[in-house]
Protein chains: 2
Amino acid sequence: MTELSERKKLILAAVVEQYIKTGEPVGSKELLSLTGMSVSSATVRNEMSELSAMGYLEQPHTSAGRVPSQKGYRYYVDNLMKDREIDELNRRMIEAGISSAAGDPEKLIAQAGEVLAELTKCACVSTAPGGDAVIIRKIELVPVGLHSAMLVLLTSNGILKSRLCRLDCELTAKICEEFYNIVDSCIIGKPAADISVVSMQTAAASVDSDPFAMLPLMAAVCELARSMEDSRIMLGGSSNLFSHKDYGVGAIELFEFLNKREPLTAVMSGVKEPLDIIIGKENLYRQLENSSVIVAKYSVSGKDSGSIGLIGPTRMDYESIIPSVKYLTDIVGRMITQAIEE
Amino acid sequence: MTELSERKKLILAAVVEQYIKTGEPVGSKELLSLTGMSVSSATVRNEMSELSAMGYLEQPHTSAGRVPSQKGYRYYVDNLMKDREIDELNRRMIEAGISSAAGDPEKLIAQAGEVLAELTKCACVSTAPGGDAVIIRKIELVPVGLHSAMLVLLTSNGILKSRLCRLDCELTAKICEEFYNIVDSCIIGKPAADISVVSMQTAAASVDSDPFAMLPLMAAVCELARSMEDSRIMLGGSSNLFSHKDYGVGAIELFEFLNKREPLTAVMSGVKEPLDIIIGKENLYRQLENSSVIVAKYSVSGKDSGSIGLIGPTRMDYESIIPSVKYLTDIVGRMITQAIEE
DNA sequence: GTTAGCACTCGACAGTTTTGAGTGCTAAAA
DNA sequence: TTTTAGCACTCAAAACTGTCGAGTGCTAAC
């Protein structure tokens with residue numbers, strides 16, 4: 001990719017920024033007044049014409065102004081955009097919004113997502129801390145009536161899940177004891193990902209008393225471990241998408257796409273960089289072709305642990321959104337680290 | 001309200017049903033072929049004209065057919081609609097959809113809402129079992145690390161909630177013991193609604209050791225009791241609203257209205273009858289003026305316990321939706337009753 | 001009370017014109 | 001070689017026009 005002349009850069013940046021601001025195609029005269037360049041509109045037109053030929057700009061139709069192409073956004077994001085600090089206002093909003101959930105990592109991430117979505121008017125996808133390295137720290141069995149109990153599971157990243165479990169037979173003290181034996185020997189300290197139905201069945205079979213009493217409990221443990229993974233992904237502020245006229249009725253389709261969680265998981269896990277920006281058709285899913293995705297990872301105790309992503313129209317305000325995302329992942333990572341290292 | 005002639009009833013019913021089916025205004029000729037009446041279209045026009053004058057029908061514009069007015073729908077629902085049994089297919093769908101969540105009342109209601117929404121293509125609001133009569137059955141304190149613990153709360157209607165709680169000081173055995181003392185004497189058996197911040201503070205103050213150690217725990221209990229109430233209301237299938245062309249872009253506003261839960265709570269709690277149908281502007285909220293709400297209560301152990309409501313366009317298929325709602329509340333009530341009486 | 005007939009209304013649709021913003025090109029100026 | 005002014009051209013959006021047809025309301029006759 002050949003380097004652009006300074007004047008072309010100036011024009012491209014102005015087109016992108018103005019288009020982001022107004023949503024209207026930008027014409028040559030408007031551009032003159034925006035940049036304050038001391039040349040005529042004809043000169044600008046020539047430059048724009050070349051930028052179009054090079055693929056950075058495009059025209060909705062012959063007699064309209066120019067609009068950034070996907071390539072144009074990409075160049076802008078990679079080379080032209082200023083690397084700002086987060087706005088004071090945004091910073092305050094974020095801090096105020098998440099402080100109330102400081103103690104509970106899962107709630108914290110959920111809340112962080114809501115705040116960020118509200119701030120940016122985008123949809124926010126976030127994943128609770130987790131990943132392969134999550135180990136099970138503690139399991140507790142709380143009896144509830146004669147034939148059922150609640151299982152409580154705590155992991156190394158501070159996530160807490162509970163689930164009701166019904167037994168076929170009475171929940172005796174002996175069963176409880178044996179359950180805790182199995183838990184201590186086969187589950188505590190193991191990665192959540194390793195808890196499989198088979199390993200649990202084997203464990204249940206090794207028990208002194210009736211193994212069938214133990215099965216529902218073991219099954220519940222499995223399901224709980226599984227749900228750790230499944231419920232990691234969270235979606236917030238998806239109705240913000242309706243406020244962007246860029247999408248038009250397409251907002252509905254996008255909304256429904258986001259509410260099917262599976263593809264979201266794929267999108268989030270496809271990200272490798274600490275901060276990744278995926279523009280328009282660079283997305284793997286057709287449903288996102290008019291959207292940009294900004295994903296940043298956060299780390300807990302120095303390890304990548306989850307990420308927070310924003311989904312909005314390609315015409316989003318990258319320059320102000322990116323610092324917010326960076327700041328949020330940073331602070332969230334620190335807060336969770338602190339919460340679990342007590 | 002004067003009684004309508006048989007022929008007027010026939011015509012009104014036909015207009016309502018046809019309009020529900022097609023969404024198009026119904027004209028005089030069309031009505032003839034629908035009802036099979038042996039009079040001319042002019043006669044039908046005269047009748048329709050009178051029905052319009054009486055307020056049961058209205059015209060979108062001079063040269064269009066007639067559409068039921070709100071009063072027309074009301075008359076139809078109260079007097080003309082047949083009281084059908086639930087469709088075999090719907091019954092099966094409901095049973096299949098909710099069977100997997102039989103053990104956990106809260107999940108069951110959530111799932112029931114999803115199924116009903118899917119079946120009817122409406123949004124479904126439901127409230128988990130609860131109300132004034134809910135008493136706290138059990139509280140468990142599960143230590144998690146040195147300075148925090150998870151509180152688990154179980155109520156008489158089978159709802160289970162947990163919450164992480166951080167302490168300022170170390171969680172000693174003594175604190176645990178004292179906590180359980182307070183719980184046993186002041187909390188268990190009490191209605192959840194009675195748990196107030198003040199009563200908890202008093203309880204914390206009565207303790208032997210440092211009352212400040214107990215405060216966060218008591219605060220968490222309060223919050224948990226409060227959240228029992230707050231989290232009762234659930235919304236499912238709200239994106240179905242987008243599929244109704246009746247709403248047009250208004251669907252977005254309605255969607256956003258529903259996602260603010262507060263007004264929903266008001267709508268649901270305003271209902272007194274076992275089965276209530278609120279049509280169009282009868283709703284208290286402007287945002288629902290083009291919608292109808294059908295709410296049915298379910299009862300657990302013979303007591304009213306919660307309700308399930310549907311929200312859809314005024315032009316909804318009352319005749320098939322109502323039996324589904326009735327059936328669902330009935331079966332859900334029985335399932336929960338069975339689950340908690342074990 | 002019912003019917004046939006007819007004038008009338010009005011939205012939907014399709015085609016036409018007008019408007020104005022914005023471009024591309026060319027020839028002259030710098 | 002770069003820049004500029006001027007002008008013809010393009011095209012979407014908006015305003016306007018005329019036609020069509022479904023459906024009504026009214027009247028006079030049955």
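We name chains A, B, ... by the order of the sequence lines, and we start the count at 1 in each one.
Checking the phosphate oxygens (OP1, OP2) of C/dC10, no side-chain nitrogen or oxygen of B/S63 falls inside 4.0 Å. In this structure, A/T62 reaches the D/dC11 phosphate: one of its side-chain N or O atoms is under 4.0 Å from OP1 or OP2. Neither OP1 nor OP2 of C/dG22 sits under 4.0 Å from any side-chain N or O of A/S41. Remark: B/S40 is not in phosphate contact with C/dT2, judged by side-chain N or O atoms under 4.0 Å from OP1 or OP2. In this model, the phosphate group of D/dT4 is approached by a side-chain N or O of A/T43 to a distance below 4.0 Å at OP1 or OP2. Contact annotation: A/R45 side-chain N/O to D/dG6 OP1/OP2 distance is not under 4.0 Å.
Across all their heavy atoms, B/K272 and B/K297 have their closest contact at O-NZ, 3.3 Å.
When the C1' atom of D/dT10 is taken as reference, atom CZ of A/R66 falls 13 Å away, rounded to whole Å. Put simply, CD on A/E50 is 12 Å from C1' on D/dT2, counting in whole angstrom units. Rounded to whole angstrom, the span from the CE atom of A/M48 across to the P atom of C/dC25 amounts to 15 Å. A straight line from CD1 of A/I11 to P of D/dT3 spans 10 Å, rounded to a whole angstrom. Separating the NE2 atom of A/H61 from the C1' atom of C/dT19 is a distance of 14 Å, rounded to the nearest angstrom. The distance between atom CG of A/L57 and atom P of C/dG22, rounded to the nearest whole Å, is 15 Å. Here the P atom of nucleotide D/dG25 and the CG atom of B/L51 are 12 Å apart, to the nearest Å. At whole-Å resolution of the value, NZ in B/K8 and C1' in C/dG1 are 12 Å apart.
Closest approach to the A/R7 side chain among D/dT24, C/dT2, D/dT3 is made by D/dT3 (side chain taken as heavy atoms from C-beta onward).
The backbone N or O of A/K82 sits less than 3.5 Å from a side-chain atom of A/E319, completing a donor-acceptor pair. In this structure, A/S269 contributes its side chain and A/T265 its backbone to a donor-acceptor pair below 3.5 Å. In terms of modelled atom types and a separation under 3.5 Å, the side chain of B/D78 and the main chain of B/Y75 share no donor-acceptor contact.
Heavy-atom distances to DNA chain C give each of A/V26 and B/N46 a nearest nucleotide, and the one nearer the 5′ end belongs to B/N46. Where A/P25 and A/A42 meet DNA chain C, the nucleotide closest to each residue was compared, and A/P25 sits on the side nearer the 5' end.
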>> Is there a salt bridge (charged side-chain N to carboxylate O under 4.0 Å, His left out) between B/E282 and B/R74? Walk through the geometry before answering.
In response: CA-CA 10 Å; B/E282 293 169 4; B/R74 171 53 64 198; 2.6 Å; yes
